[in-house]
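Notes for the one structure printed next.
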There are 2 protein chains.
Amino acid sequence: MRDRRPCLPVGIIGIVSRGMDANEIRPAISANRVPTPTLERLATYLKCLHDVAQAGVTTISSAALQEMAGINASQFRKDLSYFGEFGRPGVGYHVADLHDRITAILHMDVDQRMVLVGAGNLGAALAGYPGLTEERLHLVAAFDNDPAKIGRKLWHLEVRPIESMGEVNAALGARIGIIAVPRSAAQAVAGTMIAAGILAILNFAPIILRVPPAVLVRNVSVTQELSVLCYHLEAAPTDDPPPHGGA
Amino acid sequence: MRDRRPCLPVGIIGIVSRGMDANEIRPAISANRVPTPTLERLATYLKCLHDVAQAGVTTISSAALQEMAGINASQFRKDLSYFGEFGRPGVGYHVADLHDRITAILHMDVDQRMVLVGAGNLGAALAGYPGLTEERLHLVAAFDNDPAKIGRKLWHLEVRPIESMGEVNAALGARIGIIAVPRSAAQAVAGTMIAAGILAILNFAPIILRVPPAVLVRNVSVTQELSVLCYHLEAAPTDDPPPHGGA
DNA sequence: TAGATTGTTAATCGATTAACAATC
DNA sequence: TAGATTGTTAATCGATTAACAATC
């Protein structure tokens, strides 16, 4: 801890290249020194720190955080250690400071622009979700291929034809794309996005997208989540064991 | 493989109880012999098998599946091995048969009933999503606490007052609940669901729910996913390295 | 039979948790 | 100073990948 080595910027420690020789299928493993589970937890930490701050707490130890939020204290400290030093031995963490630093690590201290493709129910729900703007995530354009939808308003956004994405995003410069189209259209949409300069995709379509290694994809699949829940339900809809019919 | 031991039903091999002594915080680790990543991949396999079947293929090897869908052949076989034997050495897997068997493993060969709480944009998108019914996942009731919404229609569902959930679900017997309410209401909704007999929860609110160990929770957080994407974007909105101002 | 491919075991890899010297 | 708590290293645990005997 104390010895403070040359303080290597995390993303640069050296391209890892595990077994990823000719693997164009997996998206953007690249210089991924920080474990993905750690990154996923950072957003959770942020929420907890926000809650704790609202409760009037200004300094908190990892042990107290474990007590309050169910976050393992060791894991919390280990996760933070990928990014530097954040606390003071014997004291703990300054809540507001840590919140701001994690926000900066995630690049959420600046406004991020995003484009949306798919102006259906899901697209409408995303465009109308205030939680995005609160996190400085801004939908700046919406696209669809349905002539009936083009030109209509999706909250503050006008739905544009998908062919215009390249031109539109040349002006807007969004680097995050959200795919909220049916499965059959998703791969083509991904291609259009990448051609328009999108570097990171949040995909709601139930399909494994093929993208170049430089593009990162995260998938959200409601039916997959529900599958896992279903698995854990025992088979009987009533209280009977499986072999018996219900009554 | 060949020796065919007494064929232990997977969920029963013995309560694992790792370090889970007095840990009410983590949901339903319980008799979890099958790794969660394996369960998550089963739904992916299902989609691939569906595609492959539509392409007219009746038999496929794990190597061919790796080629087609980017699924690691070893991992695929290993994942299946938790549930029995599915293929024939020298031949491969019968596509339709494997599809049906994985569907049964996930308990998705029977209709599953679900209740929804939250009749906002997200709730509406979920209720209107045809992909659920296609997988035999049926929303059978919707609830909200907003008097302006109660009594209105959410597609085929009438929005009911949340206080009626116990009574309503006593008749319906849904065991899966979907939480699509703001963060501030989510914990209370979870409690109401559990009191109404819900055993598995899909939570869209950005909060870690406290539930009894017997209840399983899966979280979907759009902002968390976007955080991970943002992290991988370099800081410069244009092409300049971070220290320089844009032009 | 010879070739192909499974299910499973062993080896590797990575992530989580525990322990502790450093230090506030 | 004595007590508390960090950041980090080491130990544990679990998941992925490779290798191969079994067998179609």
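Predicted model only: the values in this text are computed from it and were never measured. A note on names: the letters A, B, ... follow the listed sequences, proteins ahead of strands, and every chain is numbered from 1.
Counting heavy atoms from C-beta outward, Val117(A) and Ile178(A) have side chains that stay 4.5 Å or more apart.
A side-chain donor from one of Thr38(B) and Asp79(B) sits under 3.5 Å from a side-chain acceptor of the other.
Between Gln66(B) atom CD and dT6(C) atom C1' there is a gap of 15 Å when expressed in whole angstrom units. For the pair Lys78(A) NZ and dT12(D) C1', the computed distance is 13 Å after rounding to whole Å. One can place CD of Glu85(B) at 11 Å from C1' of dA22(D), the figure rounded to the nearest angstrom. Straight-line distance from the CG atom of Asn72(A) to the P atom of dT8(D): 17 Å, rounded to whole Å. In this structure, Phe76(A) places its CZ atom 18 Å from C1' of dA15(C), rounding to the nearest Å. Residue Gln75(A) contributes atom CD, which lies 20 Å from atom P of dA10(D) at whole-angstrom precision. Across the protein-nucleic acid pair, Glu40(A) atom CD and dG14(C) atom P stand 17 Å apart, rounded to whole Å. Note: CG (Asp79(A)) to P (dT8(D)) measures 13 Å, nearest angstrom.
Under the 30°/60° scheme for interplanar angles, the aromatic rings of His107(B) and Tyr231(A) are found to lie parallel.
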Using a cut-off of under 3.5 Å, enumerate the N/O to N/O pairs linking the protein to nucleotides 3-5 of chain D.
unit_1	atom_1	unit_2	atom_2	d
dT5(D)	O4'	Gly90(A)	N	2.8
dT5(D)	O2	Gly90(A)	N	3.3

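Taking each heavy atom of Val57(B) and Ile60(B) in turn, the nearest pair found is CG1-CB, 4.3 Å.
Residue Ser81(A) places its side chain closer to dG7(D) than to any other of dA19(D), dG7(D), dA15(C).
Seen from the ring of Tyr93(B), Arg88(B) does not count as a face-on cation partner, given the 6.0 Å and 45° thresholds.
Exactly one of Leu116(B), Thr133(B), Ile176(B) qualifies for a side-chain contact (heavy atoms from CB on, under 4.5 Å) with Leu139(B). That residue is Leu116(B).
In this entry dA22(C) has dT5(D) as its Watson-Crick or G-U wobble partner, both defining distances falling under 3.5 Å. As the counterpart of dA10(C), dT17(D) is assigned, both hydrogen-bonding distances of the Watson-Crick or G-U wobble pattern falling under 3.5 Å.
Counting only distance, with no hydrogens or angles, the side chain of Asn72(B) and the backbone of Phe76(B) share no donor-acceptor pair below 3.5 Å.
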